[in-house]
Enquirer: 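Here it is, the structure in full.
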Amino acid sequence: MKIGTPKEIYAGEARVALTPDSAVQLQKLGYECLVEAGAGQAAGFSDEAYRRAGVKVVEDTASLFAEADVIAKVRPPLPEEMDRLSTGKTLISFFYPAQNSALLEQAKDMGTNVIAMDMVPRISRAQKMDALSSMANIAGYRAVIEAGNNFGRFFTGQVTAAGKIPPAKVLVIGAGVAGLAAIGTSVSLGAITYAFDVRPEVAEQIESMGAEFVFLEFEASQDGAATGGYAAPSSPEFREKQLAKFRELAPEIDIVITTALIPGRDAPKLWLADMVAAMKPGSVIIDLAAERGGNCDLTVADQKIVSDNGVTVIGYTDFPSRMATQASTLYATNIRHMMTDLTPGKNGVIVHNMEDDVIRGATVAFEGGITFPPPPPKVQAIAAARPKERAKELSPEEKRAQEAAAFRAQTRSQVALLAGGGGLILLAGLFAPASFMSHFIVFVLACFVGFQVIWNVSHSLHTPLMAVTNAISSIIILGALMQIGSGSALVILLAALSVFMAGINIFGGFLVTRRMLAMFQKS
């Protein structure tokens, strides 16, 4: 079978669904790859690069659609592109079936099989095909770069001879893939970063990246996680608390990046006009939900506007396309992984297994029927989790009481151990000969002293495993030292060998541990 990639005709789209690298991998699956002349030019892939990878370059769109069995695209097909498809062909692209019902009906009437990359279920096995996450990752990164381009100061704070520059304050609303990418980028640039999300389980993810999670004082249990790890609509009471918190933050924030989307709905309005009015002149709002109406009241899709009080509001919908080379590489890899699952025999023949969760979830039209919406996946993507209880800060009196209790417990255990050991030695002395008891006492003392000396060394100097081996070696050394004055030449030789070999183990263990710890040091 042949896989063909046409040139994207959507205005301003620079991405391409097939790269020379992904074509090489598809050919290993048994497919022949075609690409329309100039399809990868805007993404930095020349026709010559495709030819070197064994891809056939087709001069016009009509010939490519006629020759290819599988059409791989980025954007949903325009009506004229749908007209070029026919029964038995397979289309793989972003499709958004909930918003494009007319295209879905047309695909059904034509008997075209449609795999929507935006419908890939968010389960662990499908992460390699999750094109939405790939593009959202790029959009989140690019949003911060775009904000920096329109912001009049550094992100990081500086103290210079010319004066002090405060760090920028960034608020990221929505901590999905795009939000986490934006958080990571803004933190790495030195900004003070805050983040908010209705899903409580992401608080730890946000804090682990160096940002501060914005908590709401909301008594009712709020779990904003829906099936598939997406956000669910909030209750009116929660929304009011949320907006009140944003109004409180608005005067302090320099850059707002909104990413909140709910599947199958228009983007929720979270940054209202009065919040924009409360922001400082020169502030920037990047609305990544602009294509669905935007999270900000002032957002205009595909435009940059400046409010009356000097706040820049950016509603570009093509952030991934602005990094076309990187975006195309990731998207083409997602397509390639999808084709791998569709070609279990690696013989260039598609096996459309509708029992497979991933293939069934992504298929929206199949053999003359509409298969959207899909059934829920058997394996849930993310289990909603409650935030862990924060450890209570102890007062100085409580800390002293805790330390005293631990000391008493340790003393009791050590006294019990010594008393038990002494009792056993006395019991053994009643029955064992004197020659045995002298050796036995040496062994017991070696064990006790060796264990206490080595085990109490801080683990910052060696690993717990090394502590155990060193404790055993110290027992051998102490026993050998006490026997090295024996009158027997054989005992002296064995004791000397024991000291030598156990010493190598102890000192070698410390040297190995030192090298291990050095791996985690900056210098």
Enquirer: Is the backbone of Ala168 close enough, under 3.5 Å, to the side chain of Asp254 for a donor and an acceptor to pair up by distance?
Expert: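 It does not hold such a pair.
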Enquirer: So, are Arg15 and Glu8 salt-bridged, with charged N and O less than 4.0 Å apart?
Expert: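 Judged by the 4.0 Å cut-off on N to carboxylate O distance, Arg15 and Glu8 do not form a salt bridge.
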Enquirer: Among Met339, Lys346, Gln25, Lys2, exactly one meets side-chain contact (heavy atoms from CB on, under 4.5 Å) together with Tyr31. Which residue is that?
Expert: Met339
Enquirer: Apply salt bridge (charged side-chain N to carboxylate O under 4.0 Å, His left out) to Asp47 and list each qualifying residue two or more places apart in sequence or on a separate chain.
Expert: none
Enquirer: Please assess Val284 against Val256 for the test side chain to side chain contact (heavy atoms under 4.5 Å, CB included), listing each intermediate value before the final yes or no.
Expert: CA-CA 6 Å; Val284 179; Val256 177; over 6 Å; no
Enquirer: Could you tell me which residues satisfy side chain to side chain contact (heavy atoms under 4.5 Å, CB included) with Leu78, sequence neighbours excluded, listed by chain and number?
Expert: Ile9, Glu80, Glu81
Enquirer: Check the orientation of Phe196 and Phe246. Use parallel for under 30°, tilted for 30 to 60°, and perpendicular for over 60°.
Expert: perpendicular
Enquirer: Looking at the rings of Phe213 and Tyr194, which for Trp means the six-membered one, are their centres under 6.0 Å apart?
Expert: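 They do not qualify: ring centres at least 6.0 Å apart.
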Enquirer: Once salt bridge (charged side-chain N to carboxylate O under 4.0 Å, His left out) is applied, do any residues pair with Arg125, and if so which ones, sequence neighbours excluded?
Expert: Asp341, Asp356
Enquirer: Output yes when Arg360 and Glu355 qualify as a salt bridge under the 4.0 Å nitrogen-oxygen rule, no when they do not.
Expert: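 Salt bridge absent between Arg360 and Glu355.
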Enquirer: Testing the basics here: between Ala332 and Ser22, what is the closest heavy-atom pair and its distance to 0.1 Å?
Expert: CB-OG, 3.6 Å
Enquirer: List for me each residue that meets salt bridge (charged side-chain N to carboxylate O under 4.0 Å, His left out) alongside Glu291, sequence neighbours excluded, and say none if there are none.
Expert: Arg75
Enquirer: Partners of Arg336 by salt bridge (charged side-chain N to carboxylate O under 4.0 Å, His left out), sequence neighbours excluded?
Expert: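 By the salt bridge (charged side-chain N to carboxylate O under 4.0 Å, His left out) rule, Arg336 matches no residue at all.
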Enquirer: Determine all donor-acceptor pairs shorter than 3.5 Å in which one atom belongs to a side chain in residues 139-152; sequence neighbours excluded.
Expert:
from, atom 1, to, atom 2, distance (Å)
Arg142, NE, Glu146, OE1, 3.3
Arg142, NH2, Glu146, OE1, 3.4
Asn150, OD1, Lys304, NZ, 2.9
Asn150, ND2, Glu146, O, 2.9

Enquirer: Do Asp318 and Ser321 meet the criterion of a side-chain donor-acceptor pair at a distance under 3.5 Å?
Expert: no
